[in-house]
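Predicted, not measured: the structure shown is a model, and the values here were computed from it. By convention in this document, chain letters (A, B, ...) are assigned in the order of the sequence lines, proteins followed by strands, and residues within each chain are numbered from 1. When reading the values below, keep in mind they use all heavy atoms of this one structure, side chains included, and skip hydrogens, waters and symmetry mates.
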Amino acid sequence: MSVAKVIVDVPAKQINQTFDYSIPSKLEHVITPGMRVTVPFGPRKVMGFVLQIVPESSFAKLKSITDVLDLTPVLTDELLKLGQWLAEETISLYITAYQVMLPQALKSQYKKELVRLTDGELTPDLESLFAGRDVVTYEEFTQSMIPYHQLLKAIHRGDIQVDYLVKSRITKKTETMIKPAIANHLLEEAYLDMPKQAKKQRELLTYFIQNPEAIKKKQLMSKVNTSASTVKTLLQKGLLTSNKLEVYRNPYNDNAIQRTASLPLTIQQEQAIIPIKQAIAEKIHDVFLLHGVTGSGKTEIYLQAIEDVIKEGKEAIVLVPEISLTPQMVHRFKGRFGSDVAVMHSALSSGEKYDEWRKIYRKEVKVVVGARSAIFAPFENLGIIIIDEEHETSYKQEDQPRYHARDVAIERGKNHQCPVILGSATPTLESYARANKDVYKLATLSKRTNEKDMPEVEIVDMRNELHQGNRTMFSRKLKEKIEACLQKKEQVVLMLNRRGYSTFVMCRDCGHVKECPHCDIALTYHKNSNRLKCHYCSYEEPMPTVCPECSSDLIRYFGTGTQRVEEALTQLIPEASIIRMDVDTTRRKGAHEKLLNKFGRGEADILLGTQMIAKGLDFENVTLVGVLTADSMLHLPDFRSSEKTFQLLTQVSGRAGRHELPGEVIVQTYTPDHYSIELASTYNFTDFYLKEMAMRKTFHYPPYVFLALITVSHPNQVKVVQTTQKIVQSLLASVKEDTIILGPTPSPMARIKDRYRYQCMVKYKNEPNLRNIIRNIVNQFDDDIQKDDLLIAVDMQPYQMM
DNA sequence: AGCACGCCGACT
DNA sequence: GTCGGCGTGCTC
Ligand SMILES: [Zn+2]
Ligand SMILES: [Zn+2]
């Protein structure tokens, strides 16, 4: 009798270990590692992942696996190993690490039911609850207000039983197929027997006599021009039969995508791809940093490398930032690889995501293009992993398990002995430094494939504008350029990269800003409900008519940054038609796409938006890009703010003059001398890298050190500070001398949902044991975590300092 | 986590 | 005797 080691779906620290279960004989050769099973756990029944099957257990009496949920493992051997690595690396629970690798649709849901076992009398209360039924949901009981004791007694007496159900939320889309139930000559006989007035039925039979193969019901109905009821009659007569065929949802209607062939490579592209192809052929795990300016043809290199991988019979993962995962991007991959491509976009519905995942699971595709979570695609023969726009912060997951897709990619690259490619026009300092130290292999594409220069960037000092009495957000230079552009019937892209874009409410008399009573953040105004809401908790209140501080009635809401700029712009250049793109106008699914298409068709002169417009736009008629406030990110409490500014300016500049028409860029700033702005304006990545590296060295930031961030939260501020202080102390005692421990410091969001938040930052160079040290220190507070509502969150790869 | 069990005090 | 409210301990 063999034993299964199972990780159960109970996300708690005490349960973070395998539990042994015996395998019933009927499942003996069915269950393999990586499958989902249901197991009894205490009085409950829960889902679990089988990690391992061993001959025996050190446990005396084992419970037995109740059921198996998969026919083939949903987690490959490599993913089982990867999950363990992920949990340990990010200090997360095993179960959360495994769950994050699978589509949401596979997550189990739990239900409790009360089952009546006796025919005898129950208490009147319970009789009215059951009301003649044998089974009621536990929820019905809770809502019935019947005292718990009554139920407990009935359970003890054996009159009622509690059933624990494990439900899956899987929805498979099916299509009804119709085909003849009998042989063709019998159909012909049936046709002859059919009364003349049964015109539609005869038509249907005629169709099937000519086309005996199965057909989709919908298709049939439109072809024969008949109704569902006619089909139903023939089904009932036993002449036709139907069955449900499982089909994939097709979110990208891609039947008509034109296949494309490889493009010829430039000399630079050729040089870059040779070592990559070599690594693929020789099955070597290497990380390549592909540093290529916008328009230098990185994607073509990806495509041709993948072609090699597919020729070897292997598979490829391509990660693309959410916002760049546009239909055009999908077309590029499907155009080259056809139906061999699955697309994992987080805007897809849960069912659509499940379908895309299943294409990989069933080995129906060779390539997946997707956002962060696609890194866990269940391929078994990976030949390459590509991360485009490697510097994008969206590759970092901000909730448990807090992983960076880049780290996972490299781990999987090791597991499969395959190359990993990091591509970017503005690589992170971390990656570039590793390339300089030969940890990664560097390939540079310094020229655009169309041989055009990057557009000219002009910096405008907004302080001068102010001195000369221009109080608007538009410099005279920018205004002139926009007008000139409109005259030539060319288009303009304007970017406002300001934070705090949401609408808030302020009193014009006393300056009072309405804040959430539970969080340290301003409430945002929602126009449709005329209410103020908090984005961090569920608090909301009606929009006040007078200021609660000074009773002035001049309390007003201020539109989003882009909204206000739009108004100002309309005043300045009334004849310009503007499309505004920000969180407000792109909230609905597909809205982003729609606005861009509208702009692409030339239905507006100016596209005004937040940083979301910096990426991937490619419109030939855009000749001017304006950045309204280039320095607005520089003052944020984030050591990456210079880097982010440089990246954003470089990216947005690439939006101008991508085709025949030459482009230009105007960057407005109050700090024109800042190196990130100056060097971005000359596309000088190398000097920026050197300068910023020097800064990071002086202030002890990555890549010179690694970071770990520990955030403590609790309703009592004193408790939070004390706990954080204790953690700092414990860390200092167990860590090397050159490791820096900072804290306790209030978190940038110092209070959320009535919980105060303090943090402690660890800066270290070499602490091979740090994860264990932190785990042990956090364990010391287990009591308070369990009983006193204390929370300690650890982030081993902090990006957002929140 | 989520559930049972047991002990206590309040209420009828 | 009946009820709800916690604190404690366990889950193969
Ligand atoms: Zn006021
Ligand atoms: Zn709030």
Side-chain angles (χ1 to χ4, degrees), chain A residues 1-25 27-28 31 33 35-69 80 84 87 91-100 107-115 122-126 129 137-139 141-167 399-401 778-779 781-793:
Chain A
M1 177 80 85
S2 46
V3 169
K5 293 197 168 289
V6 177
I7 292 285
V8 293
D9 180 18
V10 179
K13 219 189 255 177
Q14 295 124 295
I15 312 299
N16 196 28
Q17 49 172 349
T18 58
F19 285 78
D20 292 356
Y21 288 90
S22 63
I23 300 175
S25 49
L27 297 177
E28 179 83 51
I31 293 181
M35 285 184 182
R36 295 172 306 144
V37 291
T38 51
V39 290
F41 194 69
R44 303 182 275 166
K45 208 162 86 183
V46 297
M47 187 280 292
F49 294 103
V50 177
L51 284 205
Q52 227 188 329
I53 290 172
V54 293
E56 53 197 41
S57 165
S58 57
F59 253 81
K61 39 185 185 297
L62 296 185
K63 290 186 183 174
S64 153
I65 289 180
T66 352
D67 216 346
V68 59
L69 298 176
L80 285 172
Q84 190 170 351
I91 316 190
S92 308
L93 304 171
Y94 293 116
I95 188 67
T96 30
Y98 287 125
Q99 300 270 36
V100 81
K107 221 183 155 195
S108 297
Q109 285 176 321
Y110 301 102
K111 280 250 162 64
K112 262 166 91 175
E113 281 178 0
L114 300 181
V115 182
L122 299 171
T123 65
D125 279 350
L126 289 170
L129 173 70
T137 65
Y138 193 81
E139 263 152 32
F141 167 76
T142 331
Q143 282 158 19
S144 71
M145 300 297 287
I146 300 171
Y148 185 66
H149 271 241
Q150 270 187 43
L151 176 63
L152 208 62
K153 268 193 185 161
I155 291 170
H156 282 176
R157 222 181 296 134
D159 291 346
I160 292 176
Q161 181 188 308
V162 187
D163 268 12
Y164 297 86
L165 308 180
V166 180
K167 289 196 149 194
D399 37 40
Q400 290 277 27
V778 175
N779 285 346
F781 296 94
D782 264 0
D783 267 14
D784 279 358
I785 290 170
Q786 247 181 356
K787 292 173 198 143
D788 194 25
D789 198 20
L790 182 74
L791 275 178
I792 304 177

**Item:** Contact boundaries on DNA chain C for chain A, cut-off under 4.0 Å to non-hydrogen atoms
**Value:** C/dT2 to C/dC12
**Donor-acceptor pair, side chain of A/S108 and main chain of A/V166, under 3.5 angstrom** = no
**Prompt:** Side chains of A/T96 and A/Q400: donor-acceptor distance under 3.5 Å anywhere?
**Reply:** no
**Item:** Rounded interatomic separation in angstrom, taking CD from A/Q786 and P from B/dC3
**Value:** 16 Å
**Request:** Taking atom types as modelled, find out whether A/Q99 and A/D9 have a side-chain donor-acceptor pair closer than 3.5 angstrom.
**Result:** yes
**Request:** Nearest whole angstrom, please: distance from the C1' of B/dA1 to the NZ of A/K107.
**Result:** 12 Å
**Request:** May I have the distance from A/D163 (atom CG) to B/dG2 (atom P), rounded to whole angstrom?
**Result:** 18 Å
**Prompt:** In whole Å, what is the span from the NZ atom of A/K153 to the C1' atom of B/dC5?
**Reply:** 16 Å
**Message:** Looking at B/dC3, I'd like to know if its phosphate oxygens (OP1 or OP2) sit under 4.0 Å from a side-chain N or O belonging to A/K112.
**Reply:** yes
**Asked** Starting at the 5' end of DNA chain B and moving along, which residue's nearest nucleotide shows up first, A/V162 or A/I15?
**Response** A/I15
**Asked** To the nearest Å, how far apart are A/D9 CG and B/dA1 P?
**Response** 13 Å
**Prompt:** Which sits closer to the 5' end of DNA chain C, A/Y148 or A/D20, going by the nucleotide each is nearest to?
**Reply:** A/Y148
**Asked** Backbone N or O of A/Q84 within a donor-acceptor pair of the A/Y94 side chain at under 3.5 Å?
**Response** no
**Message:** When you measure from the side-chain N and O atoms of A/Y110 to the phosphate of B/dC3, is any distance below 4.0 Å, counting only OP1 and OP2?
**Reply:** no
**Prompt:** What integer distance in Å separates A/K45:NZ from B/dA1:P?
**Reply:** 23 Å
**Asked** In whole angstrom, what separates A/M47's CE from B/dA1's P?
**Response** 17 Å
**Request:** Quickly work out the A/N16 CG to B/dG2 P distance and round it to whole Å.
**Result:** 16 Å
**Request:** Would you classify A/F59 as touching base, sugar-phosphate or nothing, given that sugar-phosphate means primed atoms plus P, OP1 and OP2, and contacts are heavy atoms under 4.0 Å?
**Result:** base
**Asked** Would you say the side chain of A/M47 lies within less than 4.5 Å of the side chain of A/Y110, judging by non-hydrogen atoms?
**Response** yes
**Request:** Compare all side-chain heavy atoms of A/K5 with those of A/D20 and state whether any distance is below 4.5 angstrom.
**Result:** yes
**Message:** Can you give me the closest heavy-atom contact between A/I785 and A/I792, atom names plus distance?
**Reply:** CD1-CD1, 4.2 Å
